[in-house]
There are 2 protein chains.
Amino acid sequence: MIRILVADDEHLIRDAIAGLLDLQEDFEVVGQAASGTEAIAAALRLRPDVALLDLQMPGPDGIDVARRLSAELPECRSIVVTSHGRPGYLKSALAAGVRGFLPKTVSSRMLADVVRKVASGGRHVDPELAAEAIGAGDSPLTPRETDVLALARDGAPVDEIAQRVSLSRGTVRNYLAAAIAKLGGANRHEAARIAAEHGWI
Amino acid sequence: MIRILVADDEHLIRDAIAGLLDLQEDFEVVGQAASGTEAIAAALRLRPDVALLDLQMPGPDGIDVARRLSAELPECRSIVVTSHGRPGYLKSALAAGVRGFLPKTVSSRMLADVVRKVASGGRHVDPELAAEAIGAGDSPLTPRETDVLALARDGAPVDEIAQRVSLSRGTVRNYLAAAIAKLGGANRHEAARIAAEHGWI
DNA sequence: GTCGATGCATGACAGTTGTCATGTACCGCA
DNA sequence: TGCGGTACATGACAACTGTCATGCATCGAC
């Protein structure tokens with residue numbers, strides 16, 4: 001019997017996936033969590049075999065949770081599930097000790113197979129996401145450029161960004177220009193959008 | 001027996017929700033669709049009692065589908081489900097003839113209750129979304145402002161927007177300024193983000 | 001018919017942003 | 001030690017964006 005923890009902030013999805021998994025005779029959903037914090041607490045308490053984590057959650061996201069769990073509860077294997085897009089997170093997910101990485105576009109049969117595979121010590125990464133991640137490659141941005149672009153993401157003016165990273169206006173503009181050039185955008189906002197799509201910020 | 005069509009572009013979610021509903025003794029999931037186009041075709045073919053539609057789908061979204069169905073298949077009642085946020089769509093959903101409107105944060109029990117209620121001729125709108133929609137109110141933007149802001153959304157420069165809506169640069173800037181002022185943003189991008197959060201563009 | 005309110009349109013001006021030339025510090029390498 | 005490459009930092013200049021004053025057309029109220 002494989003003991004599973006399901007974490008997703010959307011109650012309906014969480015219930016539905018938990019119900020789906022519970023239908024399998026060799027699965028038992030032992031707990032549910034609606035946030036990263038809850039997921040960590042529940043995992044430490046319930047010690048499941050597999051933690052099925054949504055990537056986007058309030059508080060710590062799925063990857064943060066996986067990192068904590070692989071450090072504090074190594075016998076619990078993590079699988080991260082994500083909505084469409086976001087191949088850029090794959091690399092950091094693997095670095096965080098995630099054993100399975102799937103988009104929500106896979107079939108329920110595939111999810112069950114992956115849970116079994118991971119529970120028995122294997123790994124599984126969705127081939128399509130893997131291809132996209134390889135195609136997209138690593139972020140071309142330097143750490144500083146990443147910081148600055150991340151702050152520019154929701155429309156903050158340069159001065160505010162400069163203050164937050166303790167830089168002069170000119171320097172911030174320079175980093176933004178570099179990011180814009182590297183990403184091929186027409187301005188910072190397009191660049192931020194592109195970087196976000198690739199999971200680089 | 002209530003015959004249900006489930007439409008969601010994410011296979012896993014679709015499967016999971018369908019499975020969840022199928023557990024209910026008085027429900028029968030008669031079909032699934034992965035896009036708005038498929039949903040319309042499947043509904044016309046299968047003539048379900050209830051169409052459960054995801055808001056965000058490739059091609060026609062859940063509201064578009066509901067509009068088509070309420071025109072061409074009025075005996076099929078539509079329920080729209082959405083990820084968190086987006087109260088702004090509620091009004092257009094109701095205008096499109098949607099009978100139920102729920103965030104994906106509700107429990108599975110609630111979903112089942114709403115399906116029964118809608119199938120028997122009732123309506124249900126999530127109280128929290130309704131409150132937010134009332135609080136947020138209608139879009140303060142004029143049609144032109146909405147057009148322009150929508151185009152500014154993903155970072156297009158003014159000239160491109162001007163071309164697309166056949167306006168002078170100055171006029172476009174003026175509309176953007178009006179939108180920025182009305183929405184309380186610091187620049188067009190913040191304004192676009194705010195409008196998007198409210199579902200106004 | 002006049003009035004005010006509203007939506008739409010334009011151009012001048014000032015402030016912000018993007019581009020560029022330039023400079024410093026650090027690192028690996030011959 | 002000297003060299004090239006990279007990340008980081010700055011300021012001048014040009015282009016773009018946001019603000020403002022202004023004008024025109026439509027529509028309902030009086």
Side-chain angles (χ1 to χ4, degrees), chain A residues 88 91-92 95 136-201, chain B residues 88 91-92 95 136-201:
Chain A
K91 204 182 171 195
S92 42
D138 280 359
S139 169
L141 305 175
T142 70
R144 258 316 197 236
E145 285 163 5
T146 306
D147 287 351
V148 171
L149 193 59
L151 289 173
R153 190 177 186 175
D154 42 45
V158 168
D159 280 349
E160 194 181 318
I161 300 173
Q163 271 192 318
R164 288 217 220 168
V165 292
S166 307
L167 249 48
S168 83
R169 274 127 268 207
T171 308
V172 169
R173 292 216 304 280
N174 222 1
Y175 282 124
L176 288 175
I180 291 164
K182 285 177 181 174
L183 298 177
N187 53 45
R188 70 175 67 175
H189 305 282
E190 217 169 16
R193 196 169 47 77
I194 293 168
E197 279 172 12
H198 286 278
W200 292 333
I201 58 175
Chain B
K91 203 180 172 196
S92 40
D138 281 359
S139 169
L141 305 175
T142 69
R144 257 319 198 229
E145 285 163 6
T146 306
D147 287 350
V148 171
L149 193 60
L151 288 172
R153 189 177 189 176
D154 41 44
V158 168
D159 280 349
E160 196 182 316
I161 300 173
Q163 270 191 319
R164 288 218 223 167
V165 293
S166 307
L167 249 49
S168 83
R169 275 127 270 209
T171 307
V172 169
R173 291 215 305 281
N174 222 2
Y175 281 124
L176 288 175
I180 291 164
K182 285 178 180 174
L183 299 176
N187 52 46
R188 71 175 66 175
H189 305 281
E190 220 170 12
R193 199 169 45 77
I194 293 168
E197 279 171 12
H198 287 279
W200 291 334
I201 59 176

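Letters A, B, ... are given to chains in the order of the sequence lines, protein chains preceding strands, and every chain is numbered from 1. Everything quoted here is computed from the prediction, not taken from an experiment.
Between the C1' atom of dT16(C) and the CZ atom of R188(B) lies a distance of 12 Å, rounded to the nearest Å. A straight line from CG of D147(B) to P of dA9(C) spans 10 Å, rounded to a whole angstrom. One atom, CD of E145(A), and another, C1' of dA9(D), lie 13 Å apart when rounded to the nearest Å. The CG atom of L149(B) sits 14 Å away from the C1' atom of dT17(D) (whole-angstrom rounding). Between L183(A) atom CG and dG18(C) atom C1' the separation is 15 Å, expressed in whole Å. The interatomic distance linking L141(B) (CG) with dC8(C) (P) rounds to 11 Å, in whole Å. Taking atom CG of L167(B) as the reference point, atom P of dG11(C) lies 11 Å away to the nearest angstrom. When rounded to the nearest whole Å, the span between CG of L176(A) and P of dC8(D) equals 14 Å.
Taking the side chain of P157(A) as heavy atoms from C-beta on, and the options dT17(D), dC8(C), dT17(C), the nearest nucleotide is dT17(C).
With V148(A) as reference, V172(A) is the one residue of L141(A), V172(A), N174(A), V158(A) to meet the side-chain contact (heavy atoms from CB on, under 4.5 Å) rule. Of the options T146(B), I161(B), L176(B), a side-chain contact (heavy atoms from CB on, under 4.5 Å) to L151(B) is made by I161(B) and by none of the others.
N187(A) comes within contact range of the sugar-phosphate backbone alone, with a heavy-atom separation under 4.0 Å but no base atom that close. At the heavy-atom level, T171(B) lies under 4.0 Å from base atoms of the strands shown. Residue contacts for R169(A): at a heavy-atom cut-off of 4.0 Å it reaches no nucleic acid atom on any strand shown.
Comparing V158(A) and V172(B), the nucleotide of DNA chain C nearest to each residue sits closer to the 5' end for V172(B).
Between the side chain of N174(A) and the base of dC8(D), no donor-acceptor pair under 3.5 Å is found. The base of dG18(C) sits within donor-acceptor range of the side chain of R173(A), with an N or O pair under 3.5 Å.
Annotation: R169(A), atom CZ; neighbour count of heavy atoms from other residues, nucleotides and ligands within 6.0 Å does not exceed 12.
Contact annotation: S168(B) side-chain N/O to dA9(C) OP1/OP2 distance is not under 4.0 Å. OP1 or OP2 of dC8(D) has at least one side-chain nitrogen or oxygen of T142(A) nearer than 4.0 Å.
The side-chain heavy atoms of T142(B) and K182(B), taken from C-beta on, include a pair separated by under 4.5 Å. When side chains are defined from C-beta on, V165(B) does not count as touching T171(B), because their heavy atoms never get closer than 4.5 Å.
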